[in-house]
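A, B, ... follow the sequence lines: proteins, then strands. Residue 1 opens every chain.
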Protein chains: 2
Amino acid sequence: MRDLLAITKALADENRLRALGLLRGRELCLCQIIEVLGLAPSTVSKHMSILHQARLVESRKEGRWAYFRLADDDAPQEARQALGFVLGNLKQNKQAKADQQQLKAVLKMEPEELCRKQANCQC
Amino acid sequence: MRDLLAITKALADENRLRALGLLRGRELCLCQIIEVLGLAPSTVSKHMSILHQARLVESRKEGRWAYFRLADDDAPQEARQALGFVLGNLKQNKQAKADQQQLKAVLKMEPEELCRKQANCQC
DNA sequence: TCTATATTTCGTTATGTGGCGAAATAACGT
DNA sequence: ACGTTATTTCGCCACATAACGAAATATAGA
């Protein structure tokens with residue numbers, strides 16, 4: 001029951017559902033999720049940790065960056081079923097679509113932002 | 001998003017999951033659910049109302065009694081999918097099995113209790 | 001080594017939620 | 001009409017949770 005409850009509780013928050021929607025089909029860095037959700041880094045980090053504990057997302061650290069992706073085949077069946085359920089229902093969702101749009105912009109702009117911050121260039 | 005969230009929030013409570021498990025395959029009266037869950041009537045009534053608002057259960061009033069059953073084919077697809085997910089995972093669940101056992105006892109005893117209360121007999 | 005950056009942890013605060021009992025409501029039986 | 005019973009609504013309290021900023025941690029680069 002604890003596993004199932006961990007999953008349903010993880011899914012019972014709008015911002016966590018949005019994060020799952022963003023991860024559909026691609027791995028993302030925490031900072032990119034932060035950008036789209038528009039929440040404080042600490043808040044998003046906590047959200048991703050809750051999703052991870054429920055085994056709904058996998059995470060990986062590469063240097064300073066934390067990457068997240070949807071749970072894959074070696075995740076527990078409950079988690080995969082839950083993902084199938086929510087992702088299917090997010091497809092027609094207005095907020096999820098808007099997030100996808102904004103994610104596109106973030107994926108395009110992020111290099112520029114990196115450039116500005118790290119190299120002081122004028123791109 | 002509101003509908004989906006209503007569903008995931010409704011599922012994010014252990015006692016509501018237990019109630020759904022009890023309803024598998026049969027319609028139950030509120031008082032029977034109260035008996036198995038071991039919670040105050042007002043609490044269980046609230047739980048069932050939350051499940052109903054999420055369209056996960058149907059309800060019907062007959063005289064003084066309120067009956068609940070799992071959402072059927074004319075419920076929204078999201079609700080039916082969600083039910084499929086949780087009921088499937090409750091099947092192997094220890095608590096859910098124990099609840100089923102206790103439900104059997106309640107279904108057997110309830111008439112006796114009714115008898116004692118309503119007719120002062122000694123059955 | 002020192003600094004800057006990405007993330008996490010911690011402490012605090014505001015809000016949400018589950019629990020109960022008491023009171024209100026509705027419907028049955030006398 | 002009246003009392004009884006099943007349920008719901010309400011008010012309250014305890015606890016959980018989401019949000020933030022500040023501080024701690026970890027790592028890359030100068």
Nucleotide [N], atom [atom2] - distance to [atom1] of [X] in whole Å:
X: Leu5(A); N: dT17(D); atom1: CG; atom2: P; answer: 10 Å
X: Leu28(A); N: dA6(C); atom1: CG; atom2: P; answer: 16 Å
X: Tyr67(A); N: dA26(D); atom1: OH; atom2: C1'; answer: 16 Å
X: Arg64(B); N: dA6(D); atom1: CZ; atom2: P; answer: 6 Å
X: Leu30(A); N: dT27(D); atom1: CG; atom2: C1'; answer: 15 Å
X: Arg16(B); N: dG19(C); atom1: CZ; atom2: C1'; answer: 12 Å

Just list the side-chain donor-acceptor pairs under 3.5 Å for residues 71-86 of chain B, sequence neighbours left out, or say none.
| residue | atom | partner | partner atom | Å |
| --- | --- | --- | --- | --- |
| Arg80(B) | NE | Ala75(B) | O | 3.2 |
| Gln81(B) | OE1 | Asn89(A) | ND2 | 3.0 |

Exercise for the section: Ignoring hydrogens and angles, tell me if any N or O in the side chain of Arg18(A) forms a donor-acceptor pair with the backbone of Asp99(A) under 3.5 Å. Expected result: no
Rounded distance (nearest 0.5 Å) linking atom [atom1] of [X] with atom [atom2] of [Y]:
X: Gln101(B); Y: Lys97(B); atom1: CD; atom2: NZ; result: 10.0 Å
X: Leu22(A); Y: Leu17(A); atom1: CG; atom2: CG; result: 11.0 Å
X: Asn93(A); Y: Gln100(A); atom1: CG; atom2: CD; result: 11.0 Å

Exercise for the section: Search all heavy atoms of Leu23(B) against all heavy atoms of Phe68(B) and return the closest pair with its distance. Expected result: CD2-O, 3.3 Å
Practice task
Output yes when at least one side-chain N/O atom of Ser42(B) is less than 4.0 Å from OP1 or OP2 of dG21(C), else no.
Solution key: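 Answer is no, no contact under 4.0 Å.
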Problem - Pairwise side-chain contact, Arg24(B) with Leu90(B), heavy-atom cut-off 4.5 Å (strictly under) - result: yes
Exercise for the section: Answer whether the closest heavy-atom distance between the side chains of Arg26(A) and Leu103(A) falls below 4.5 Å. Expected result: yes
Handout entry: Glu58(B) with Arg60(B): basic N within carboxylate O range, under 4.0 Å
Key =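 A salt bridge is absent here (no side-chain N lies under 4.0 Å from a carboxylate O).
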Practice task
Give me the residues of residues 44-63 of chain A where at least one heavy atom lies under 4.0 Å from an atom of DNA chain D, by number, or none.
Solution key: His47(A), Ile50(A), Gly63(A)
Practice task
Give me the residues of residues 7-15 of chain A where at least one heavy atom lies under 4.0 Å from an atom of DNA chain D, by number, or none.
Solution key: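 Contacting residues: Lys9(A), Asp13(A), Asn15(A).
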Show me the donor-acceptor pairs within less than 3.5 Å that the side chains of residues 31-52 of chain B make with the rest of the protein, sequence neighbours left out.
| residue | atom | partner | partner atom | Å |
| --- | --- | --- | --- | --- |
| Gln32(B) | OE1 | Cys29(B) | N | 2.9 |
| His47(B) | ND1 | Arg16(B) | NH1 | 3.1 |

Got a list of side-chain donor-acceptor pairs under 3.5 Å for residues 1-10 of chain B, not counting sequence neighbours?
| residue | atom | partner | partner atom | Å |
| --- | --- | --- | --- | --- |
| Thr8(B) | OG1 | Leu11(A) | O | 3.0 |
| Thr8(B) | OG1 | Leu4(B) | O | 3.4 |
| Thr8(B) | OG1 | Leu5(B) | O | 3.2 |

Exercise for the section: Enumerate the residues from residues 32-40 of chain B whose closest heavy atom to DNA chain C is under 4.0 Å, giving them by residue number; use none for an empty result. Expected result: Leu39(B), Ala40(B)
